[in-house]
Participant: 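Right, I'll just put the structure down here and ask away after.
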Number of protein chains: 2
Amino acid sequence: MPVRGQYAKGIAKREEILDVALELFTKKGYDRTSVREIARLAGLSQAGLLHHFSTKEELFIEVLRRRDVRNREEFRSSHGDPNSIRRLVSIVRHNMTQPGLVRLYVTMSAESTDVDSTARSFFVERYRSLRAEVAKDVRAQQRLGELSAELDPDAVASLLIAAADGLQIQWLLESDGPDMGVLMEQLWTALRHVP
Amino acid sequence: MPVRGQYAKGIAKREEILDVALELFTKKGYDRTSVREIARLAGLSQAGLLHHFSTKEELFIEVLRRRDVRNREEFRSSHGDPNSIRRLVSIVRHNMTQPGLVRLYVTMSAESTDVDSTARSFFVERYRSLRAEVAKDVRAQQRLGELSAELDPDAVASLLIAAADGLQIQWLLESDGPDMGVLMEQLWTALRHVP
DNA sequence: GTCTATATTGGGATAGAC
DNA sequence: GTCTATCCCAATATAGAC
């Protein structure tokens, strides 16, 4: 069936484009990355690329979406910790091996705060589900008596995620500064001490 | 003295340009703001503007520098609280009235993490001095017995600043979400409970 | 599905007059 | 100090052939 072969080829090329795009967006940010360059590194022309993703923004959203899916898969399988708070800490640690990727997320989430940004809804949804996930685990920890029942689970979730995000900026600016992983653990410890 | 008049005029125009530039960078970010547009809104031509700031980056750095100076002045005078931690909380509260400006800082600090960014050293220095200022107050609070002597002042400083930064992103994405000011106070309260 | 060629737009920066 | 005019470059996107 020739049709099947064509599909397979198209899909493979799509993946290759997404790989290259991730790499370039990561390295240089959205605005400074051209579709031309992505195309060249993926081994086709600009027009060829735009056959797969008809606009630059569409391509970009796909990159984000795929990256997020992979992140979640990775941490569900390799770090089987059912406590998403500890998982958050280990994600932060893991991120310290991938400055380029961290930079992509930091810059993209910042840019997505533009009211007209196409990526905005992606990030709104991402934070919403992340907060819900962490808040759920905070409640679990409260039931286990690990965490004071006085604490507002949603507030704690917001703060943990905010701290992780904010530390990334400081770390990107001074990689030999304070250790993000250690700081996150100290925060978690402090919260556990609240009576 | 005609010379004096010329200087005064030049300085006034410079200020006007910086005002407009701040507004536009704030609204659309660095890359999507053109020198042309800034010039037009400041009532001169692009070439005219580039007489005052010879490159776009130079203009940008000046915008940041001036904004930072004004911020510091404002909070030293109007919020005379000698405790920079409470001052940090009140800055966060104040920021909630200025989403555009918050967006500028969030996007610019994110972009500045590029190794080749001209603004990088500006932000590195900014975080360094901010951390030092907050850490100093943490030590003062420890001497007053308000805060556990076990806590590492530098770590607490990093975390407080990180939380403030991170919350801004969540707030920009969902302005009717959790209240940044309240959350910052909860964090501060939690830290004070650490034995 | 991929190409070449091109339309179209917009940007930063400079030259030189006033 | 400010202008007009222009250079030069890069970008996105489209048209149409293969």
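Within every chain, numbering begins at 1; the chains are lettered A, B, ... in the order of the sequence lines, protein sequences first and strands thereafter. Keep in mind that the numbers below use all heavy atoms, side chains included, and drop hydrogens, waters and symmetry copies.
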Participant: Hey, is B/Lys56 close enough to B/Asp31 for a salt bridge, meaning N to O under 4.0 Å?
Facilitator: no

Participant: Can you tell whether the side chains of B/Arg139 and B/Asp154 come within less than 4.0 Å, N to carboxylate O?
Facilitator: yes

Participant: How close or far is atom P of D/dT2 from atom CZ of B/Arg14, stated in whole angstroms?
Facilitator: 12 Å

Participant: So what is the end-to-end bend of the helix from C/dG1-D/dC18 to C/dC18-D/dG1, with 5 pairs used at each end and the value given to 10 degrees?
Facilitator: 0°

Participant: Please determine whether a side-chain nitrogen of the Lys or Arg among A/Glu58 and A/Arg14 lies less than 4.0 Å from a carboxylate oxygen of the Asp or Glu.
Facilitator: no

Participant: Taking only heavy atoms on the protein side, list every residue of residues 42-58 of chain B lying under 4.0 Å from any atom of DNA chain C, sorted numerically.
Facilitator: B/Gln46, B/Ala47, B/Leu50, B/Thr55, B/Lys56

Participant: Please give, in whole Å, the distance from C/dC3 P to A/Arg40 CZ?
Facilitator: 14 Å

Participant: Whole Å only: how far is the CZ atom of B/Arg32 from the C1' atom of C/dT9?
Facilitator: 16 Å

Participant: Between A/Lys13 and A/Glu16, is the closest basic N to carboxylate O distance under 4.0 Å?
Facilitator: yes

Participant: Under the side-chain hydrogen bond (donor to acceptor under 3.5 Å, both in side chains) criterion, do B/Gln168 and B/Arg103 qualify, and how do the steps go?
Facilitator: CA-CA 8 Å; B/Gln168 289 182 337; B/Arg103 221 185 91 72; over 6 Å; no

Participant: Could you check how far CD1 of B/Ile38 sits from P of C/dA13, rounded to whole Å?
Facilitator: 11 Å

Participant: Taking atom types as modelled and ignoring hydrogens, do the side chains of A/Arg131 and B/Gln170 form a donor-acceptor contact shorter than 3.5 angstrom?
Facilitator: yes

Participant: Atom OG of B/Ser117 and atom CG of A/Leu173: how far apart are they, to the nearest 0.5 Å?
Facilitator: 9.0 Å

Participant: Once hydrogens and angles are ignored, does a donor-acceptor distance under 3.5 Å link the base of C/dG10 to the side chain of B/Arg36?
Facilitator: no

Participant: To the nearest 0.5 angstrom, please state how far the CZ atom of B/Phe60 sits from the CZ atom of B/Phe122.
Facilitator: 8.5 Å

